[in-house]
Every structure is written in C-alpha cells, then in structure tokens.
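Data first, discussion second: the structure below is written as structure tokens.
The sequence lines fix the lettering, A, B, ..., with proteins before strands; numbering per chain opens at 1.
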Amino acid sequence: MSLFGSHDASAGAPSFPAAASPLLANLNPEQLAAVTLPVGNALILAGAGSGKTRVLTTRIAWLMQTGQVSPGGILAVTFTNKAAKEMMTRLTAMLPVNVRGMWIGTFHGLCNRLLRAHWKLAHLPSTFQILDTQDQLSAIKRLMKQYNVDDERFPAKQTQWFIAGAKEDGLRPRDVEVRSDDDRKKVELYQLYEEQCQREGVVDFGELMLRSYELLRDNDAVREHYQRRFRHIMIDEFQDTNRLQYAWIKMLSGRTAEGRFEPSGHNSVIAVGDDDQSIYAFRGARVGNMADFVREFDVQRQIKLEQNYRSFGNILDSANALISNNTKRLGKSLRTEQGPGEPVRVYESTSDFAEAQWMVEEMRQLAREGIDRKEMAVLYRSNAQSRVIETALFNAAVPYRVYGGLRFFERAEIKHALAYLRLLENKDDDTSFLRVVNFPPRGIGARSIEQLQDAARAAGHSLHDAVSAVGGKAGANLSAFVAKIDVLREQTVGISLREIIELVLDHSGLIEHYKADREGADRIENLEELVNAAESFVTQEGFGRDAVALPVDELRQSPASQGLDPSLPVIDEPLAPDAETGETLSPLAAFLTHAALESGDNQAQAGQDAVQLMTVHAAKGLEFDCVFITGMEEGLFPHENSMSDFDGLEEERRLMYVAITRARQRLYMSHSQTRMLHGQTRYNLKSRFYDELPEGALKWLTPKNQGFAPSAFGYGGGYATSRGAGGGYSKDSFASPPVPPQKAAPSHGLRSGMQVFHNKFGEGTVVSLEGSGDDARAQINFPRHGVKWLALSVAKLTPV
DNA sequence: GCGGTCTAACTTTTT
DNA sequence: GTTAGACCGC
C-alpha cells in the first residue's frame, strides 16, 4: 500500500550526540530522526497534528547550534506569510539568532528578494511593482478591450486562469501547446499581456516565480552562487507545490546539465508534506511532486510522522477510515496515545435554518461546560453557507468571527490609495492610472479615457505620458489629474512614508469623497489604518534606522559559503540594496511590495472570545477543541462541481479529512434535508462520506435515516438505527469499507419520463431517479423553474 | 458623465 | 440571496 517501504523511522541516526542539546528533548523517535537527518535529501510525511512545524524549526536550530550551517546557509520555504512568521518566531525563541540573515519566507517573497537583488539580469526595472489577482484581471480586461476580443467567447477570468495556469507550469507563450483556434487566441493574449506588463514595469504572482526561475536557469554564476550558499533547503507543505515551484527548487539545489537534473550532493533538500492534505489541485498544486522528488532527488530517507498530538481516538479513527477510501496515497495512518474520547456526533436537521439553530444550542451547552468560544469552529465547504449560521449566531447574541472575504489591502478604498501611491513611484502603471483617474469623480468619463488610450497606443506611451495629446475639455481634466499626481510626487521628496500617505489621502480627495458618503465612515477608518500599517512597516523593516548588523562575515567564513561568488551580493535583507549602486528601494516602493505580497489579515475583529467560522480550506493548519462540520450533503460536500471526475472526489475526501483532523476533543457533523442555496430550496441527500466513517466512532443525535436499506445496499444489516449514548468505540467497526450503492427496486412509483406535479414548481418531467427509501430523489425538469433534484421523502409530488 | 436599475453568476484561495 | 457589471435615461 505504501509507496515507500517500511524502512523509515530509524533512518536518521544522529551524527551529533542527541543528548547534548536541550533542543532535542521531548521529541519522539521519528521527530528526532527528522530533526537530526544527516546531509542528504529526505522526505518527511507529516500527518495532521504530528508536530511538523516543531520538527522544521528544531532542525534549523539544531543545524546551527551544532555548527553545521550558518544562518546564511538556510533556505526555508512556506506557502503563507503566516507559516513563515510562525517559523521565525519559534526559531528566535529557541536560539538567539538573527533570523534576518536566513532566507525564510514564502515562495513569492523569496522570489521577490531574488529579483530585487538581480533586477537587471532579470530584465526588470529596479522599481518593478507587483500585480495582485485583482490588478491582473483588470489589466487583462483592459488588454482584451484594446484588441477587441469578444469577451463572450473569451471571458477575462478564463484568460487570466489560462495565463496563470501556463506560468504555474513554467510555460512562456511560445512553450504553450496549441490544440485549437481558441488556444491560439489565448496564447496570443498571453503574449500581449506579457508585453503590456513589461512595458508598465509590473509583474504578477506567477511572473515572480517564473522570472526568478529563469534568472537562475539563464545565469550560471548566479545559480551556482545560490546553490553553494544554500546548504540546507527546506520546503513546507510540499504537497501544495506546483510544477514551477518544484522546478525552482531543483534549479536551486542541483545541476541541470543537458536538461538533466542531478542532485548536487553538497546540499540537502528536505521536503515536508502530507499527501492526504493536498487540497489545492484546483490552483495548480501537484501532489505528484512528492513521488517525483523521491525519484529525482534520489531520496534515501523517508520519515513518517504518524503520532498525533491533537485529537482523541474516535476523531482519528474517523479520519483514518475516511481517507483509506482514497486510492492514490503514499500510505500513512495517524495514531494517538489519548483514549477514544467522545464519539463523533451526527445530526440531521429539517432545514439549514434548523441546523444553525441546533448548533447555537449545542454551543451554548459547550460554553456551559467551560469551553471557550474561540475553541469552537464551524466549518463549511463553501462561503455561501455561512450566512444562515451568522444569522443564527447574531440573533442568539453569540459573538462570532468569520474568516475569509476581503483582506485589508484588497479593500477598494485601500486599493485606491495604493494606486495613487503607485503612480508616484511609477507613472507608467496604467492599471493604477485607470483605477483612480476618475476616482473620486472628476469629470473624466469613459469617452475621455478611450480617447486617451487611443492616443497612448498610437504614440507608444503610457497613459500618463499621452495626456497632452487629448484636447478639449476632456484633455483639460486629464491634464489636471496628471498635474496633481506630478505635484504630489514632487512634494513627497524628502518626507517620511507616513507623511507621503497622509499627503496623498488628503490631496487625492479620497477622504473628502468618503466623508460625503453616508457609509464612508468605515472606509475612512481603513484609510487611517493604512497610515498605521505603513508606520509599523517602516519600524519593522528598519527603514529610517540603521540596518541591523548582519552576520555577513560569518557567512563568508562559514563552510557553507565556500566557493560563493564574491562578485555577487550577500543578500541578508528582504529588501537588500543593489550590489552595484548600493541603491535601495524607497520606503514607499518597499511598502507597496509588502502590500502586494502580504494582503493582510482577513479577519474582522480579533481578540474577542468568539466562535470561529470558516471554510474547510481556510481551516487547514488550525485546530480547535470543538469542530462543527456543516452541510454534510451530496452536492455540497462533496461539492457537485468536483464529483464529475475521480480526482475531484478524492480531493473532496482529502478536504473532509482536513476538516475532521482540525478537532481536538469534540467533533460534530450535520446535514439538512432542505437548504436555501442561490435563493432556491434544494433537497440534498446526506453525504456519502458518512458511509466511509466507522460506525462505532459515531453517535447519531437524530435517528439515523433508514434510507440506505440494508437489502438495497448490501450492508448486511450492519447499521443500527441509532447508537446508544456514549457511542461504543470499537476498533473493528471500520474493518470493511462500505459497498457502493446498487440499484434498488423503486418504492415511490416514479419512472423517468413521467409527468408530475409539484406544489411550488408546477408540472414537470422526471429526468432521472436515484437512491431508494427516504434517500430516494428524482431529477425533474420544470419548464418554468429549470431542472431540480428533489428528495422524494420531502418533496410532495403527484403523478399527472 | 453620472447615477440609478436590471440581470446573470455563483466552489475551494495564497501569493 | 447577494453582488458586480452592464445598460439606459437624465
């Protein structure tokens, strides 16, 4: 079953005395082996709650403490800023070390650092700015309008997806395989988009990765420099890496002669991941990178961290049983030394409203038992489900916090302010120009802008530079805007970042505009917060202060750095000065980069003891005492859009696995017979994932539906209607996986093609039928309301 | 050019 | 049920 044999845990016999360091105290044998792995490439399969971050940080600390590497020889890559920060915080707590000398950060953050240091070689302007997803979309829309592309046939979103996807695979326009006329058009747009970005001096997220990959690929000296420097490379959440990120790691860690990859032998790459928690395939993540890594990096050591320190037995048994239904797995099973704990409670409600109501009651009970509200989390598959729950919590006056939604730097008013700031830094940033040229409104409408765009195109100028070409009233308004920007730019010389932002907020008219708006108070508050964000950024990054003394000498002397190219800069700062000129990014440019790379917190009010609401995706990496998984229904979870293909269903199952493993003590799952979705009532069957959980670990709070009649589904009568209180725990209960449902004799008397009448939807035609007993449902085409799935135990249908 | 109204869409999301 | 974007009339 396991792709890798069983030779793992004992693999890394420490070559340094383990007892010598208090760092290594209290590690289990597998963790110890991982922390003290000898030089060489290794894969660590780290299950949920197995102490992965602790292992990673302890290893870095141990390597430095034992003198095997200096801070400059470390490269640790994560996906989120949060994870990177967490790592640095824990590391500083372990060792008195200057973390700034280490390259710990997100893929994109580190790529940015590389490109800032070698901007010339990367063919970028020194002040290049970063487009976020929103900016990218508007840049593409603008491009498509300019070239009169039919946006019915090529929606901008789709083009964006195409471009991002190509970059994730490391493909430039000329590398993309063209299989249809549509492909050809998209590639053409990709090419034009690239030219536009280059002209405007901006890069998108994918470009950050791809450009730095090419930088390393095309410049032997640079590549070899970093290959020698980074003796120890560590990648977190390896299952989430895409093709390009994997190639980037390869490029940094080995030779690629004649297109062939050979591990360098003098550095170690340690990949940490969990294939069972791979839930980002939809955005290009490739779990296959794990197997490729083992093969291509000649991995000799694999360690499985299966000891779970988070959850009780029933919860882990549920997770293990569920995930065992997936076929493509490396093989791993969580174990705990805690007892079985509480059973997993399952609840069926009549409506989504009732489901939320029940949850509120249950939470009140939990609170009475002394559990903090911030230790209760409600998880759902899609954001649309949060509303009912929010309403119920709100009406019951239970404090709650919703994760997701707009982050600080993504808010419209913040984006507007940033657009002004970007124009100060780079007048050719047409995306920013268009965002604020008429915001606040100053009499520049679509017609004037079109004229301006035509003029700019004809002259090969940016919008800013083409303003003088437009005459009349429109031209006057445009000139006034440009003059305002140019004056602002002059005024910002020599003043602090804080003062720059205050100046811009004032002179742009943004504050004034929002003051006139009844609902502008929050926006003004956010704009004021922007000043604070800039202030704390300046303090943190050390702008305006002496740079922190960095262990440059140490780096140069250390064995890790031997053979480093002395002509290349030793980059120990996220925003290092240019090696040749000593020029550093202006605080403003640096802040804008920061804003793009770190979109800020996406939670409303922190601090308060509030129930946590979030999607399952957002919950990854978090843990709570009590977890409610809601909307356990076919079509919702697993989501209907992912059920068509096999891989999709397996990803949904992994998502379910992530959801289950968030819980420490108590886990609830609930589904509803009816649910309002997109303004329509839906009748969903309960999720197939229930059938993959060990009956013995569950406790049905409502009578378990008799819908899955044993005779029809071959369960051999293994299902009792309801478990007694306490929900007996039995190891054997999930020994045999459920048998897939078979066609049963219909008991409802409906057949495909039949005409039926529904009280609300009127007359319709039965299209198809599924299930039996209480779970039977019919797909019916109502001429006036479209095709619907109806649960026959709920919907009242009469044959016509 | 601006602001109001109507209509289609709408998993999951970090950088 | 909500929201963004298109469309239309002033």
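- The side chain of A/Phe282 has B/dT12 as its nearest neighbour among B/dT12, B/dT15, B/dT11.
- Ring-plane geometry between A/Phe282 and A/Tyr280 is classed as tilted, the angle between the planes lying from 30 to 60 degrees on a 0 to 90 degree scale.
- Dashed line: the shortest gap from a side-chain N or O of A/Thr615 to OP1 or OP2 of B/dT13 is under 4.0 Å.
- Across all strands, A/Ala596 comes closer than 4.0 Å to no nucleic acid atom at all (heavy-atom distances).
- Counting non-hydrogen atoms under 4.0 angstrom, A/Phe107 reaches nothing in the nucleic acid.
- Centroid-to-centroid, the aromatic rings of A/Phe433 and A/Phe481 come within less than 6.0 Å.
- Using the six-membered ring where Trp is involved, A/Trp103 and A/Tyr226 have ring planes that are tilted, between 30° and 60° apart.
- Nearest nucleotide to the side chain of A/Lys141, out of B/dT12, C/dG5, C/dT2: C/dG5.
- Residue contacts for A/Glu207: at a heavy-atom cut-off of 4.0 Å it reaches no nucleic acid atom on any strand shown.
- Nearest to the side-chain atoms of A/Asn383 among the listed nucleotides C/dG5, B/dT14, B/dT13 stands B/dT13.
- Between C/dG1, B/dT13, B/dT15, one nucleotide has an atom nearer to the side chain of A/His617 than all others, and that is B/dT13.
- Nucleic acid contact for A/Gly679: base, since at least one base atom lies under 4.0 Å from a heavy atom of the residue.
- Between the side chain of A/Arg381 and the base of B/dT11, no donor-acceptor pair under 3.5 Å is found.
- Note on A/Ser642: every side-chain N or O is 4.0 Å or more away from OP1 and OP2 of B/dT12.
- Regarding contacts with the backbone of B/dT15, every side-chain N or O of A/Arg283 stays at 4.0 angstrom or more from both OP1 and OP2.
- With the nearest nucleotide of DNA chain B identified for both A/Ile444 and A/Ser599, A/Ile444 has the one nearer the 5' end.
- Heavy atoms of A/Asp240 sit nowhere under 4.0 angstrom from any nucleic acid atom.
- Remark: of the listed residues A/His513, A/His416, A/Glu413, A/Glu413 is the sole one forming a side-chain hydrogen bond (donor to acceptor under 3.5 Å, both in side chains) with A/Arg523.
- Residue A/His678 is the one, among A/Lys82 and A/His678, whose nearest nucleotide of DNA chain B lies closer to the 5' end (criterion: closest heavy atom).
- At a threshold of 4.0 angstrom between heavy atoms, the contacts of A/Thr133 include nucleobase atoms, whether or not backbone atoms are also involved.
- If you check every strand for non-hydrogen atoms under 4.0 Å, A/Asp204 touches nothing.
- Closest to the side chain of A/Met676, out of C/dG1, B/dT13, B/dT11, is C/dG1.
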